[in-house]
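Working notes, beginning with the structure itself.
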Amino acid sequence: MNPIWNMARKEFNDGLRNRWLLAISLLFAVLATGIAWLGAAASGQLGFTSVPATIASLASLATFLMPLIALMLAYDAIVGEDESGTLLLLLTYPLGRGHILLGKFIGHGLILALATLIGFGCAMLAIAVLVDDVELNLLLWAFGRFIVSSTLLGWGFLGLAYVLSSVAAEKSTAAGLALGVWFFFVLVFDLALLALLVLSEGHFNPKVLPWLLLFNPADLYRLINLSGFDAVASTAGVLTLGSDLPVPGSMLWLCLLLWVAAPLGTAWLLFRRRAA
């Protein structure tokens, strides 16, 4: 465990030195607080509206930002070390490739988790202090679930970033692949499902389509945060298909955890085969 922790501490300190933790925390805090009070501006209202509406807006925001930030944070984790020559140096120490990968994941994961907690926690605290009639139990439950699921979403895309970094020969290639992965899961996937639904003209088995949402961690994340809020169900778009999934909420959490474990395991296999 010592080699893993030493590698994690190095990555965490590098994140502090590069102002990643500060920048992400400030970004989340400003955007989350702004959305909490200005999210209903399009309908002519200013001020805090409700916890469900706020969580729905924040989940939509985090679906775009969290994967992009995670991919940017770790796309060069392996290939960057290789290009700079430090990977060969690291492997001369009593460090296995699994130690290096897991240490990097813990370090990057801590940065994402702390930034998410600080940033969105500030918005929750502001709502609790400044809104008189807010239901504190609902606020704590909704934001607690939102923060934990946001962290898991970020960790899942960290794993995907390590996969890309393990197969790419250059940092520029890894960066391009990272943008492609973000574009696919955040933008293209749901559009493809909608196109399949329309173009099939009812011939596609409607019982299969909701299960396809499980193949996108971003959709899983939004399903978790929108479940239990009837007031925002009509704004879920393609996610309304998720209401037909015959699975409990705990299964959605398990699938999101699998989206963390599976890419990380794949990255480890690919990293083992990579020549230093």
Side-chain angles (χ1 to χ4, degrees), residues 21-70 109-157 186 213 217-237 239-240 242-243 245 247-257 259-260:
L21 180 60
L22 178 62
I24 299 172
S25 300
L26 284 176
L27 177 66
F28 285 165
V30 171
L31 290 177
T33 305
I35 283 178
W37 268 268
L38 302 176
S43 61
Q45 298 179 4
L46 290 178
F48 180 75
T49 52
S50 66
V51 172
T54 300
I55 292 297
S57 298
L58 288 177
S60 297
L61 170 72
T63 302
F64 285 89
L65 284 183
M66 187 62 76
L68 184 60
I69 289 172
L110 282 175
I111 292 174
L112 274 182
L114 283 176
T116 304
L117 179 62
I118 294 170
F120 293 126
C122 287
M124 181 185 68
L125 185 61
I127 293 171
V129 172
L130 299 176
V131 179
D132 294 330
D133 57 346
V134 67
E135 189 178 342
L136 289 179
N137 288 336
L138 176 62
L139 181 69
L140 290 173
W141 171 77
F143 265 88
R145 185 174 63 168
F146 171 69
I147 289 172
V148 173
S149 59
S150 297
T151 301
L152 290 177
L153 178 66
W155 289 355
F157 277 89
V186 175
L213 295 175
D219 283 339
L220 276 170
Y221 167 75
R222 285 185 287 184
L223 282 173
I224 287 172
N225 284 287
L226 294 179
S227 62
F229 293 139
D230 296 334
V232 298
S234 60
T235 64
L239 296 183
T240 53
S243 60
L245 277 172
V247 295
S250 57
M251 185 62 68
L252 297 178
W253 284 97
L254 178 60
C255 290
L256 193 57
L257 282 170
W259 267 105
V260 177

**OP:** Taking the side chain as every heavy atom from C-beta outward, state whether Val51 and Glu135 have any pair of such atoms under 4.5 Å apart.
**Re:** no
**OP:** Keeping the roles fixed (side chain from Arg222, backbone from Thr63), state whether a donor-acceptor pair exists under 3.5 Å.
**Re:** no
Original post:
Rounded to the nearest 0.5 Å, what separation is found between the OG atom of Ser149 and the CG atom of Leu256?
Top reply: 7.0 Å
Subject >> Side-chain touch Pro67/Leu153, heavy atoms, less than 4.5 angstrom >> reply: yes
Subject >> From CG (Leu21) to CG (Leu110), nearest 0.5 Å >> reply: 10.0 Å
Subject >> Distance in Å, Leu257 CG paired with Trp155 CH2, rounded so as to fall on 0.5 Å steps >> reply: 9.0 Å
Subject >> Over all atoms of both residues, closest heavy-atom pair of Ser57 and Ile35 >> reply: CB-CG2, 3.4 Å
**OP:** Determine, step by step, whether Phe28 and Thr33 satisfy the side chain to side chain contact (heavy atoms under 4.5 Å, CB included) criterion, reporting the C-alpha distance in whole Å, the side-chain angles of both residues, the deciding distance to 0.1 Å, and the verdict.
**Re:** CA-CA 8 Å; Phe28 285 165; Thr33 305; over 6 Å; no
**OP:** Could you grab the distance from atom CZ of Phe157 to atom CG of Leu112, nearest 0.5 Å is fine?
**Re:** 12.0 Å
Subject >> Minimum heavy-atom distance Met124-Leu140, with the two atoms named >> reply: SD-CD2, 3.9 Å
Original post:
Are any of the side-chain heavy atoms of Met66 and Thr151 separated by less than 4.5 Å?
Top reply: no
**OP:** Drop me the distance from Ser150's OG to Leu117's CG, to the nearest 0.5 angstrom.
**Re:** 11.0 Å
Subject >> Minimal non-hydrogen separation, Ala32 against Leu58, with atom names >> reply: CA-CD2, 3.5 Å
Original post:
Got a donor-acceptor contact below 3.5 angstrom from the Trp259 side chain to the Gly156 backbone?
Top reply: no
Original post:
Atom OG1 of Thr116 and atom CG of Leu152: how far apart are they, to the nearest 0.5 Å?
Top reply: 10.0 Å
Original post:
If we only count heavy atoms from C-beta on, is the Ile24 to Leu65 side-chain gap below 4.5 Å?
Top reply: no
**OP:** Show your working on side chain to side chain contact (heavy atoms under 4.5 Å, CB included) between Trp253 and Leu220 and close with a plain yes or no.
**Re:** CA-CA 8 Å; Trp253 284 97; Leu220 276 170; over 6 Å; no
**OP:** Measure up the Tyr221 and Phe146 rings against each other and bin them: parallel (under 30°), tilted (30 to 60°), perpendicular (over 60°).
**Re:** tilted
